[in-house]
Amino acid sequence: MAVTDEPLALTTGEDLVVDRPLGVFTRPQGGKGWRDWLSTVDHKKIGIMYGVAAMFFFVVGGIEALLIRLQLAAPDGQILSADVYNQVFTMHGVTMVFLFIMPLAAAFANYLIPLQIGARDVAFPRLNALSFWVWLSGAIFLNTSWIVGGGGADCGWFCYSPNSGLAFSPSHGVDFYALGLQIAGIASLVSAINLIVTCLNMRAPGMSLFRMPVLTWMLLVTQFLLLFAIPVITVALFLLMFDRLFDAQFFNPEAGADPLLWQHLFWIFGHPEVYIIILPAFGVVSEIIPTFSRKPIFGYSFMVFSGIAIGFMGWGVWAHHMFVSGIGPLSVWAFSMSTMFIAVPTGVKILNWLATMWGGKLRFTTAMLFAVGTVAMFTIGGLSGVTHALAPADTQQTDTYYIVAHFHYVIFGGGVLGLMGGLYFWWPKVFGFMLNETWGKVHFWTMLIGFNLTFGPMHVLGLQGMSRRIDTYSPGFGFAFWNLIATIGAFIIALSVVVFFLNVWKSRRDAPHLPAPGPDPWDARSLEWMIQSPAPEHNFDEVPIVESDDEWWHRKYGYDENKNVVRIATIEEATQKGDAVGVHLPAPSFWPLVVALGLPIIGYGLIFNLWLCVLGGALVGLGIYSWALEPVDDPDADHDHGHDDHDDDDDDDDGEGAEAEMADATAGAEEGAD
Amino acid sequence: MSDLFNVRRRGTGTGLLLALLLAGCASDAELDTLEPQSPVADEIWGLALPVFIIAGVVLVLVCGAVLWLSLKNRVATYEGDDEFPAQTAHNNPLELGWTIGPAILMAIIAVATSVVHFSINSVDEENAMPLTVHGETVDWEPTVVVVGQQWWWEYRYYLDGQQITTEQLADQRNLPPADIVTSGQFAIPTGQEVELIITSRDVIHSHWIPALNGKRDAVPGRFAPWKIEAYDPGVYFGQCTEFCGLSHSRMRMQTIALDPPDFQAWIDEQMAPATFDAELQAYVDAYRAGEPAAVDDEASAELRGLDVFAAQCASCHLVNGFNDMVNGEPYDGADVVSGSAPDLTHLMGRTTFAGGILNLYNEDGTVNVDDLARWIRDPNGIKENFADGLADGELPRGMPDRNLTERQIDDVIAFLITLGPDADGWMIDATEVE
Amino acid sequence: MNMTETVTETATHEESHDHPSDWDYVKIALLLGAITAVEVLTYFESAITVFENNAFTIASLIVMMVVKFYLVAMYFMHLKHDNSIFTKLFGGGLALATIVYIIALSAFEFWA
Amino acid sequence: MATATVDAAVDSHDEGGHDDHGTTTGISNTKLAMWVFLGSECLLFGGLISTYLLYKTNRGPGPENTVIPTDVFDIPFTSVSSFVLLMSSLTMVLALSALTRGDNPATRAWLLTTAMLGGVFIGGQVYEFTSFIREGVGFTHNPASSAFYTLTGFHGVHVSLGIVMLMSLYVASKQGKLQPKHTETVEIVGLYWHFVDVVWIFIFTVIYLIPVD
Ligand code: HEA
Ligand code: HEA
Ligand code: CUA
Ligand SMILES: [Cu+2]
């Protein structure tokens, strides 16, 4: 199938291909209207869309968090009923994890991996678009359960059976959870495959694995974690779905099933998941701190290996979430031991960052503030993590606010602060203007203060015995004071988020009156700073030949005979001009969007009416086949990629055309049909 | 430290305890994890405290270093600054050092953890205590079967000297008849290691009495061993800590630790079936024989209440000596998802009800009829549940609203008050000793 | 990961020379078929002498399974002749799955 | 996307990336992707297999639910269909080898044979399922049966998708669009096909042959 020596007569693709002149290479600001965005296969635009959507869901999840905090602000809270409260905290967890922080990390991965390794795009641009659209359709699908599903899922984000069973959660919320995460999972899996191949196969000449920037490394490890973790939750979600929709007996104790099966499957996924959340932020911090210390990252290889080690060890600790669930004492002991030692590679990272700052010249831009804040705040969360790792101690801590404190410190204090720093750092590269530093600093400090006010007291509350997932507490417990503080803190965080949005708005408005930031506003170190800002559509005019790690920095600086750093080239001299013409770029396509639209329809079908599945399945099938049959290039486009090269070469173009399609069809069809 | 955590010292003196019991604190008392009151809780705290301190030290070191480096090495701008700091990029001994250092530290913590872990998970085999059951002395290895369900705890005592095995317990819906069944509160003898066998009838719950031990999940289909012990007599509060649905937050419980003689007294009281005065007894006898007697308006409130109970409540709630025999058949199961509702035989022998969230007695020792009435009038309003307005085939979860008239409510409460020891019953008597 | 950094001719077309011939494939298939036959035989064997040598039967079944798996992966999927990165990626997934699920089943006291 | 790695050093003209696959490792992206994907599939099937193993003797309570798949296994029958699937791996490599030689008719013949063998396997599975259901092992009856149908069903769906891909290749070849330079496409479909086969090798031994006591 799918062989496109010449455009096929039956091709359905061309008509829909947006007529996009391939000769224009500075990326148009904001693109050319919505059709461009819907059909784009450009990893940068896809990255931006991930980022925007993620921030949207941050606000959604944040509003849910504020509702939680309002309800708990005082004893006997009356704002939400118990039922709604349960839905709100469940959807808060699910939204924040799957719809905010993962896609925000995906935004960085999509935008930056190709740039950092000197590639034109990811390995499979259309698959990349597919990932985004599938994720988005899953995200929207999940949230429509508020409207059509009789409420959100109410089983907690880890949705333990049998509480997630039909008998105990009769609304459709859990069905939406199972199917929505399934759909989002397809996106993560496809994107993991794509980005792994990109890292392994698309590097610029000389960009050996051990010259890849730490961010790319951490993102690569993250993709491997996703690659192997997603199938596990897929299994779990399928079993749950079969139980709920087709009366299977996987988790029903009445039928002799063992509810702990769900817990194992969930946490085999769930623990790697937490490193999926944190490693990208670690990567971001590892880019920012050296830049603003004017030093190379300290212990590059230790940084990389500790990241890999975290990735590996993350697979052997999952049952630390099940210390009190009644798995035997030997299992508990083994998992307790393995968990403790994960502190070691993480500690290496923390200390190497400190060593990078040691003797450096620290310039506290907003990005740097966030990065340094991340180091400190993550450490607090990591250390409370170590106290959970002691199984006997955890029997007192588990399912209390002490845990809630732990994971918000690592997730928010580590993940969110880190990625926020990344936003400030790469903003000029992505959008061509700087975010206002003063406002940025206000953002940072309000966020830091709000964050500590919110989650710091939760340590105390947890040790005082406040259980998590409770919708009210009585005055006599003595929880009132710290809860009030936490609620105030949450609103300060909200304020800081508003400051951020205002900053974006204001900076954008002011941008025309300010000098353009130029390609390399921070005097940074990796390849993405070598090209113009915003990054031109074709990324690199010429693919750079890489000769060292921190390649870009070494193109600007050398050493004199006294080993002092001297500038050897100005930024203007060393950067690419972004004016290359005739670069062959992958043509846009609507089919990824079509495939993605089919999936939620299948989802609704499974829940409401199986006929819809036929419709959705048809859409997916149509999308996949049209995709496979559409020519790889826009045949009419005026670009200098001719088909007149010697025959053999076409094989390569068809790498996207034929072979890729085959794999796409495989992966896509499979997931679609599954 | 203790101010910070708002610790309230709990004395063991009778007066204080009594005050605490009656001061309306039953549902609101602290769940503090920092005040261990038992050997196991002590062991846990003995492990946690040093690690908290170590973590604190690491925290101060790291955050201190961050702060110090930030202040010391900061520059305002790189503008016009051509001098770069030394470009040190690695130092292998140093890096190995801070790989191995924490590893050693963790290894030490790991050893301590292992010791405590295996210690708190071991069961003392030699803990049998003599107990008089039906006038005979038996060697009781203190064991309580703990069954969670939405949203209350049931405690079952098997006393006849035989150890109950998990095989015997295989079906949580039909556990072997126990000598004592209570809900929300359970008694243990002080200074005795009591084994808990924890399970559930519906979803997963978690049993947690912070002062006495950590938690253990109640998983349907599984029986988790756990142990509990208290140094001193007293009431120890707990909370279900595994999210179990709608009223998870209102699923609480208490452990009552009693001196062994008091414990024996408690056992004696609880073992006995409910007793009725002559008027009620006649009704009961007829009911058990399958020929319920008619009750007219002129009958006593208790009798009218019993009649209401028979019609409205007896399908779920068991009262030993009354509906353990229905139409000549033994009582079988309840109409709720878990197949069970609290055993009310000795209702008045408890001090709290409805999953430990409401007080059964007022401060002055009288029965808290207001809350009882509120509960019967609108259980869902007090503790949200899924018991009313269900679709066909759906079983209720929690206590339904039986739409009783106010008079019926008063009557049924009058009857409930006859169940078990009255206001100055076992509990207060027993804890007065010391 | 030991990877060639430059495009090397041998790396890309390595399949072509030491590729097994069709006849080699047929031989491998025959071998696979033969092993399968033996496997199935154990079933009839154990049907006759049910409790005899159960552990041995299981052990040999697993060995035969691994051999078959190996043959298909190495020859039909030509991992043996291909770039070692494939073996690493696939083997990594396989090993991870094996270890993780063995641990998980152990936590259920599956082997007891 | 070979064109994405324009190698400026080799050729300032932008089409420089046309040396073979033009990738860092020299391997094509697609093939690499397929192997990465197969690595991930190991965890999927591992999860399903473990679930089945955990539940294989779980009859659930109640007398009406007591029949479990192992009670009704028909080993001789399954042996035959396992053998069929195993041989389809052979025909798959022969198809690839024929295409390498440029023998299009043989390629088509082997592709079709492979697809048909796969079809026979699926047919066997459908027969197995229906006869199991007749013998009282329903999907919803007990954990063992739910796990059994889910595991073998997932495998069956994989085989079916493989058949779809093989038939697509067949049609492409009929239209003359499957030429020796496309061996890699066939190879990649083959990888998927063989993987599905090795999964069955595992399932056949661990689920069917190893006796349960
Ligand atoms: C970003 C996500 C993230 C990260 C990175 C971590 C990191 C860690 N987590 Fe956390 N964790 C979560 C997210 C995360 N966690 C979530 C979401 C939950 C709850 C899920 C739920 O129930 O809803 C959870 C729950 C959780 C539990 C279960 C608690 C319970 O429910 O009972 C445990 C138990 O062991 C644990 C442990 C750890 C450990 C040991 C680390 C380690 O990786 C931390 C290592 C870091 C350090 C230790 C600090 C730096 C090190 C040094 C400065 C070196 C020197 C230090 C020493 C020698 C001690 N976590
Ligand atoms: C990425 C992960 C993430 C993030 C970022 C957060 C962020 C926050 N979380 Fe949450 N949380 C989880 C993951 C996360 N959480 C998880 C996994 C759980 C467990 C769920 C479970 O038990 O199942 C949990 C549970 C959880 C609980 C426990 C609930 C319970 O057990 O009953 C609480 C309680 O306070 C809480 C609070 C908060 C707060 C106040 C924030 C704040 O930081 C939020 C800050 C954001 C905002 C406040 C948005 C602000 C924006 C606006 C207000 C709009 C402005 C608008 C414009 C200008 C357009 N979270
Ligand atoms: Cu029971 Cu929570
Ligand atoms: Cu974890």
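Fair warning: this is a prediction, and the values are worked out from it, not measured in the lab. Each chain gets a letter, A, B and so on, in the order the sequences are listed, and its residues count up from 1.
Counting heavy-atom neighbours within 6.0 Å of A:His554 NE2, excluding the residue itself, gives a total above 12.
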For the pair A:Arg468 and B:Thr241, evaluate side chain to side chain contact (heavy atoms under 4.5 Å, CB included) and give the outcome as yes or no after the intermediate values. CA-CA 7 Å; A:Arg468 62 192 283 204; B:Thr241 38; over 6 Å; no
Test side chain to side chain donor-acceptor pair (under 3.5 Å) on A:Ser325 and B:Asp217; report intermediate values, then the result. CA-CA 5 Å; A:Ser325 67; B:Asp217 281 2; 5.1 Å; no
So B:Glu95 and A:Leu351, side chain to side chain contact (heavy atoms under 4.5 Å, CB included) or not? Walk me through it. CA-CA 8 Å; B:Glu95 291 178 70; A:Leu351 294 165; over 6 Å; no
Run the salt bridge (charged side-chain N to carboxylate O under 4.0 Å, His left out) check on B:Arg173 and A:Glu254 step by step: do they pass? CA-CA 10 Å; B:Arg173 295 290 173 83; A:Glu254 290 284 284; 3.1 Å; yes
Using the rule given for side chain to side chain contact (heavy atoms under 4.5 Å, CB included), can you reason through A:Leu330 versus B:Phe118, listing the C-alpha separation, both sets of side-chain angles and the distance that settles it, and then say yes or no? CA-CA 9 Å; A:Leu330 266 182; B:Phe118 287 109; 4.2 Å; yes
Yes or no on salt bridge (charged side-chain N to carboxylate O under 4.0 Å, His left out) for A:Asp258 and B:Arg222, after CA distance, side-chain angles and deciding distance? CA-CA 8 Å; A:Asp258 191 337; B:Arg222 285 178 164 249; 2.8 Å; yes
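How far OG of B:Ser249 is from CE of A:Met466: 10.0 Å, rounded to the nearest 0.5 Å. A:Ser474 contributes atom OG, which lies 4.0 Å from atom CZ of B:Arg252 (distance to the nearest 0.5 angstrom). Taking CZ of B:Phe237 as the start and CZ of A:Phe477 as the end, the distance is 9.0 Å to the nearest 0.5 Å. Separating the CG atom in B:Asn92 from the OG atom in A:Ser301 is a distance of 6.5 Å, to the nearest 0.5 Å. Distance check: A:Asp83 CG to B:Leu246 CG gives 5.5 Å after rounding to the nearest 0.5 Å. Atom OG of A:Ser467 sits about 12.0 Å away from atom CZ of B:Phe243, to the nearest 0.5 Å.
Heavy-atom distances place both the backbone and the side chain of B:Ala107 under 4.5 Å from chain A. Residue B:Gln150 touches chain A through its side chain alone, counting heavy-atom pairs closer than 4.5 Å. Interface remark: B:Val219 contributes side-chain atoms only to the contact with chain A (heavy atom separation under 4.5 Å). With a 4.5 Å cut-off on non-hydrogen atoms, B:Leu96 touches chain A through its backbone and its side chain both. Both the backbone and the side chain of B:Arg216 come within contact range of chain A, each with at least one heavy atom under 4.5 Å from a heavy atom of that chain. The parts of B:Glu242 that come within reach of chain A are both its backbone and its side chain, each placing non-hydrogen atoms under 4.5 angstrom from that chain. With a 4.5 Å cut-off on non-hydrogen atoms, B:Asp82 touches chain A through its backbone but not through its side chain. For B:Asn91, the parts lying under 4.5 angstrom from a heavy atom of chain A are both the backbone and the side chain.
With contacts defined as side-chain heavy-atom distances shorter than 4.5 Å, the pair A:Met357/B:Ser70 qualifies. Within the 4.5 Å cutoff, the side chain of A:Leu354 has heavy atoms near those of the B:Leu69 side chain. The shortest distance between side-chain heavy atoms of B:Gln87 and A:Pro296 falls below 4.5 Å. At least one side-chain heavy atom of A:Ile350 sits less than 4.5 Å from a side-chain heavy atom of B:Val62. At a threshold of 4.5 Å between non-hydrogen side-chain atoms, the residues A:Phe168 and B:Val337 count as touching. Two residues are said to be in side-chain contact when any heavy atoms from C-beta on lie closer than 4.5 Å; B:Val75 and A:Leu362 fail this criterion. Residues B:Asp81 and A:Arg294 form a side-chain contact, since some pair of their non-hydrogen atoms from C-beta on lies under 4.5 Å apart. In this structure, B:Arg74 and A:Arg363 have side chains that are not in contact, with every pair of non-hydrogen atoms separated by 4.5 Å or more.
Ranking A:Ile470, A:Val348, A:Val324 against chain B, the residue ahead of the rest is A:Val324, based on heavy-atom pairs under 4.5 Å. Ranked by heavy-atom pairs under 4.5 Å with chain B, the list A:Gly360, A:Pro253, A:Gly156 is led by A:Gly360. Most heavy-atom pairs under 4.5 Å with chain B, from the set A:Thr472, A:Val386, A:Val375: that is A:Thr472. For the set B:Ala86, B:Pro85, B:Ala224, the count of heavy-atom pairs under 4.5 angstrom toward chain A peaks at B:Pro85. Comparing A:Ile380, A:Thr398, A:Asp154 by how many heavy-atom pairs each has under 4.5 Å with chain B, the most go to A:Thr398. Here A:Leu260 is the residue among A:Leu260, A:Ile297, A:Asp394, A:Thr400 with the most heavy-atom pairs under 4.5 Å with chain B. Note: A:Gly299 leads A:Pro259, A:Gly347, A:Ala393, A:Gly299 in heavy-atom pairs under 4.5 Å with chain B. By number of non-hydrogen pairs under 4.5 angstrom with chain A, the leading residue of B:Ala48, B:Cys244, B:Ala76 is B:Cys244.
When every heavy atom of A:Pro392 is checked against every heavy atom of B:Ile120, the shortest pair comes out as CB-CD1, 3.8 Å. Here the closest non-hydrogen pair linking B:Asn73 and A:Gly359 is ND2-N, 3.2 Å. Heavy atoms only, all atoms of each residue included: B:Ala110 and A:Met340 are closest at CA-SD, 3.7 Å. In plain terms, the two heavy atoms of B:Ile44 and A:Thr395 that are nearest each other are CD1-OG1, 3.5 Å. When all heavy atoms of A:Phe341 and B:Ala103 are compared, the pair lying nearest together is CE2-O, 3.6 Å. Closest heavy-atom contact between B:Ala55 and A:Thr387: CB-CG2, 4.5 Å.
For A:Phe292 and B:Tyr78, the ring centers sit 6.0 Å or farther from each other. Between B:Phe84 and A:Tyr557, the gap from one ring centroid to the other is short of 6.0 Å.
Relative ring orientation between A:Phe298 and B:Trp98 is described as tilted, the plane-to-plane angle lying within the 30° to 60° band.
Side-chain N or O atoms of B:Thr33 include one that pairs as donor or acceptor with a backbone N or O of A:Leu463 at under 3.5 Å. Using modelled atom types, one side-chain atom of B:Glu384 and one backbone atom of A:Ala82 make a donor-acceptor pair closer than 3.5 Å. B:His117 contributes a side-chain N or O that, together with a main-chain N or O of A:Pro329, makes up a donor-acceptor pair within less than 3.5 Å.
B:Trp208 and A:Gln396 form a side-chain donor-acceptor contact under 3.5 Å, judged by distance and modelled atom types alone.
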